[in-house]
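Scroll down for the structure; my scribbles are underneath it.
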There are 2 protein chains.
Amino acid sequence: MNDEPKSISIKDIAEALNISIGTVDRALHGRRGVSEKTKTRVLKTAEQMGYKPNLAAQALKLNRRISIGVVLPKHISYFFDPLRAGIRAAAGAAMGSQISLEFHEYPRIGSGDIEALEAAHARKYDGLIFLPGDIQRFSPLIRKISRSGTPMMCVGSDAPDTGRIGSVSAHAYISGSIAAELLAHKLPRKANVAILTGELSTLDHAEKLSGFAATLAIQAPHLTLMPTLEGHEKPKEAYRQALTLMRQKDRPEGLYLSTANSIAVIEALEELGLLGKVQVVATDLFQDLATLIKSNKILATLYQRPFTQGKVAFENLVAYLTRGNLESPVVQLAPHIVLRSNLPLFASRISETDEGEPESDSLE
Amino acid sequence: MNDEPKSISIKDIAEALNISIGTVDRALHGRRGVSEKTKTRVLKTAEQMGYKPNLAAQALKLNRRISIGVVLPKHISYFFDPLRAGIRAAAGAAMGSQISLEFHEYPRIGSGDIEALEAAHARKYDGLIFLPGDIQRFSPLIRKISRSGTPMMCVGSDAPDTGRIGSVSAHAYISGSIAAELLAHKLPRKANVAILTGELSTLDHAEKLSGFAATLAIQAPHLTLMPTLEGHEKPKEAYRQALTLMRQKDRPEGLYLSTANSIAVIEALEELGLLGKVQVVATDLFQDLATLIKSNKILATLYQRPFTQGKVAFENLVAYLTRGNLESPVVQLAPHIVLRSNLPLFASRISETDEGEPESDSLE
DNA sequence: TTGAAAGCGCTACCAA
DNA sequence: TTGGTAGCGCTTTCAA
């Protein structure tokens with residue numbers, strides 16, 4: 001129970017000490033021009049009186065109009081659209097909405113990403129939210145921009161040791177781990193399982209694979225992990241790989257789709273009449289996947305909570321910009337395990353299946 | 001891309017229209033004392049110029065020191081302690097922390113709850129956060145306090161049709177539904193399953209039971225739901241019921257513990273040598289449960305995210321108090337499905353197993 | 001080293 | 001129906 005009949009201000013402190021409010025302000029903020037003696041006196045009485053700065057007044061006076069640039073790909077829209085929405089929501093709720101937001105977009109990871117980030121940097125925002133794509137290519141740029149004084153906040157993935165101030169993402173290793181455990185529960189006897197992995201971010205996919213493999217080894221030694229199929233950036237490629245995989249005689253009975261192109265793989269399964277016979281754990285959530293879960297065609301999907309990622313990334317960046325530090329710089333969200341039973345809870349967050357790859361080879 | 005070189009104020013609008021800022025303010029807020037004509041003119045130019053109120057200035061001027069009372073039980077601490085922590089965290093992050101918080105506690109649901117709420121009401125807070133216990137007993141009081149003008153925010157459960165402004169809880173029906181689906185996945189053949197339900201809140205437990213039963217019927221017709229064991233408020237009672245249940249010849253192979261006394265049931269299972277042989281889905285998360293999950297003794301637990309519940313309840317109450325309305329009054333969170341694989345993600349949120357029932361009959 | 005005072009954008013009150 | 005103005009708590013500049 002904290003009883004403060006009325007909040008006390010620097011004026012109260014000034015009066016109690018018979019000094020001016022200017023001096024109190026200087027002492028409180030450790031600015032130069034105060035004698036050590038008065039400074040400690042002020043600090044002590046402030047403590048005693050339970051002084052807390054009035055943030056409204058502070059904000060009003062300083063009236064710093066924070067500008068934030070957001071650099072994210074268009075594709076995959078069912079992931080990045082809600083992520084952007086989360087950023088917008090957080091910005092709307094933030095004090096004053098005095099914060100200006102600008103969104104920069106590029107087609108997809110690996111195509112125009114570096115350029116977009118450089119362009120954004122040129123606009124000299126107070127802070128930057130961005131997706132670190134291919135770490136190898138991004139790292140030098142992140143380091144450069146960070147050193148130039150612009151706080152960088154990673155979202156969707158992380159880029160450690162680059163000077164970025166923090167990151168928000170779904171826990172990739174544990175995503176893989178969950179997928180393995182779910183498959184293990186559904187496949188009680190000896191069987192093969194496989195992982196199909198892909199774009200988004202190299203780092204995250206490596207992590208997911210690690211988690212998947214490690215958990216299989218520990219919790220489900222009866223399941224054998226087949227050679228990983230990786231690097232299909234395009235649906236058609238994913239489709240072909242899936243067909244080949246599922247036609248071989250030791251075909252897997254469980255599949256972990258950590259890729260964005262899960263629909264292409266699903267189509268391959270359907271064509272072979274294996275949909276519903278093979279246990280599938282997918283990633284992310286969109287309309288077509290929801291339908292498949294509802295009809296028991298796939299077991300589960302691991303929802304990476306893009307909306308929350310955007311929201312938290314924004315909040316943390318603003319916290320850093322205003323308060324100057326971050327209590328937990330690296331946030332790794334718990335992915336939601338979406339099954340048939342809890343699917344309705346995510347209905348409001350489901351977006352259309354991503355259409356758009358006009359320039360790539362589409363799936364028929 | 002929104003470019004606003006500098007944010008515009010009511011002064012700008014006033015100058016543009018050659019009127020005083022007082023008039024602009026009146027028009028903008030629909031206060032009386034403005035002609036319809038000037039009002040529409042102001043509204044239109046405000047729209048055109050893209051006026052957004054400076055919330056800092058507004059807050060500074062109004063300087064309303066919002067007071068919020070929180071009325072929650074001590075027991076069960078592993079649920080209500082993090083819930084309180086969530087409220088505190090949200091209060092700390094809120095603009096100015098100009099909001100005063102007071103916590104009221106009572107031993108447990110049904111013992112001193114009504115009295116505590118009445119006592120809190122007597123302190124005339126601007127808003128109240130509380131757990132609606134037994135709906136039958138609470139409803140009249142909630143209605144009364146609401147009508148007296150104090151906004152009431154339910155947390156942990158809901159109390160519909162009482163005049164409360166909103167609620168935050170885990171989705172009880174879907175919790176039951178998830179439990180059924182998890183058991184169905186692990187028990188592929190004909191078997192009996194049972195639910196042990198208990199205190200917390202009557203409404204929620206009925207909901208969990210509904211979800212469990214309905215999902216069993218639809219998704220797992222091969223599983224038979226045995227008569228529900230309900231109403232054991234005390235560990236010893238839960239323990240006895242569990243012993244009796246598991247000793248009968250058609251004993252269940254799957255158990256859903258929607259009760260707070262899961263540990264007592266677990267002890268019964270252990271005694272009978274059934275721990276690990278019977279599939280168990282529990283509720284909430286605390287140290288002993290975490291240990292059991294880690295060692296594969298129980299399948300999963302449904303984490304009701306008390307911290308988040310507290311945080312959201314506070315944020316929504318404050319939003320209501322300041323902005324006057326709520327976009328989504330009833331929030332039903334998706335419970336986290338905690339398995340062995342994703343347990344580490346929740347480690348930081350795990351509290352000690354609740355000890356405290358000095359006055360009740362303890363378990364040996 | 002310290003004091004005095006202006007002013008951030010807004011609300012509310014009093015006067016016209 | 002309108003205009004004018006004090007002042008919320010803070011930062012900052014200019015004088016002393």
Side-chain angles (χ1 to χ4, degrees), chain A residues 4-43 45-46 49-66 94-100 322-324, chain B residues 4-43 45-46 49-66 94-100 322-324:
Chain A
E4 294 150 90
K6 63 185 291 293
S7 72
I8 70 116
S9 69
I10 54 170
K11 201 179 154 193
D12 298 318
I13 302 180
E15 281 171 3
L17 263 52
N18 261 316
I19 56 176
S20 78
I21 60 168
T23 308
V24 175
D25 178 72
R26 284 185 282 262
L28 248 26
H29 292 83
R31 296 188 233 278
R32 63 204 193 87
V34 213
S35 68
E36 270 309 311
K37 210 167 57 185
T38 42
K39 183 175 166 181
T40 40
R41 278 202 326 142
V42 169
L43 256 35
T45 44
M49 301 175 73
Y51 170 73
K52 276 183 191 164
N54 183 325
L55 296 195
Q58 200 166 345
L60 174 60
K61 179 65 206 178
L62 298 182
N63 210 3
R64 42 168 109 104
R65 188 167 180 64
I66 291 176
M95 242 302 293
S97 58
Q98 238 54 2
I99 298 166
S100 86
T322 56
R323 286 184 265 295
Chain B
E4 294 148 276
K6 65 187 288 295
S7 71
I8 68 118
S9 70
I10 55 170
K11 202 179 154 193
D12 298 317
I13 302 180
E15 281 171 3
L17 263 53
N18 261 316
I19 57 176
S20 78
I21 61 167
T23 307
V24 174
D25 178 69
R26 283 185 284 263
L28 248 28
H29 291 81
R31 295 189 234 278
R32 62 204 193 87
V34 213
S35 68
E36 270 309 311
K37 211 165 59 184
T38 41
K39 184 175 167 180
T40 40
R41 274 196 335 139
V42 169
L43 256 35
T45 43
M49 301 176 74
Y51 170 73
K52 277 183 192 164
N54 183 325
L55 297 195
Q58 199 166 343
L60 174 59
K61 179 64 204 181
L62 299 182
N63 209 6
R64 36 169 112 104
R65 188 167 178 63
I66 291 175
M95 239 303 293
S97 58
Q98 238 55 356
I99 298 165
S100 85
T322 55
R323 285 182 266 295

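Side chains included, hydrogens not; waters and symmetry mates left out as well; all remaining heavy atoms used. Each chain gets a letter, A, B and so on, in the order the sequences are listed, and its residues count up from 1.
Along DNA chain D, the nucleotide nearest B/L60 and the nucleotide nearest B/V34 are compared for position; the residue whose nucleotide lies closer to the 5' end is B/V34.
Using a 4.5 Å heavy-atom cutoff, the side chains of B/E15 and B/I21 are not in contact. The side-chain heavy atoms of A/T23 and A/L17, taken from C-beta on, include no pair separated by under 4.5 Å. The shortest distance between side-chain heavy atoms of B/R41 and B/I19 falls below 4.5 Å.
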Please produce a list of atom pairs where a protein N or O lies less than 3.5 Å from an N or O of nucleotides 12-16 of chain C.
{"from": "C/dC13", "atom 1": "N4", "to": "B/R26", "atom 2": "NH1", "distance (Å)": "3.4"}

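Between A/N54 atom CG and C/dG9 atom P the separation is 17 Å, expressed in whole Å.
Atom CD1 in A/I8 sits 4.5 Å away from atom CD1 in A/I13 (nearest 0.5 Å). With rounding to the nearest 0.5 Å, the separation of OG in A/S35 from CZ in A/R26 is 11.0 Å. In this structure, OG on A/S9 lies 9.0 Å from CG on A/N54, to the nearest 0.5 angstrom. Considering CG of A/L60 and NZ of B/K61, their distance stands at 11.5 Å, rounded to 0.5 Å.
With a heavy-atom cut-off of 4.0 Å to chain B, the contacted part of DNA chain D has its first and last nucleotide at D/dT1 to D/dG9.
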_Test side-chain contact (heavy atoms from CB on, under 4.5 Å) applied to A/Y51 and A/T45, step by step_ = CA-CA 8 Å; A/Y51 170 73; A/T45 44; over 6 Å; no
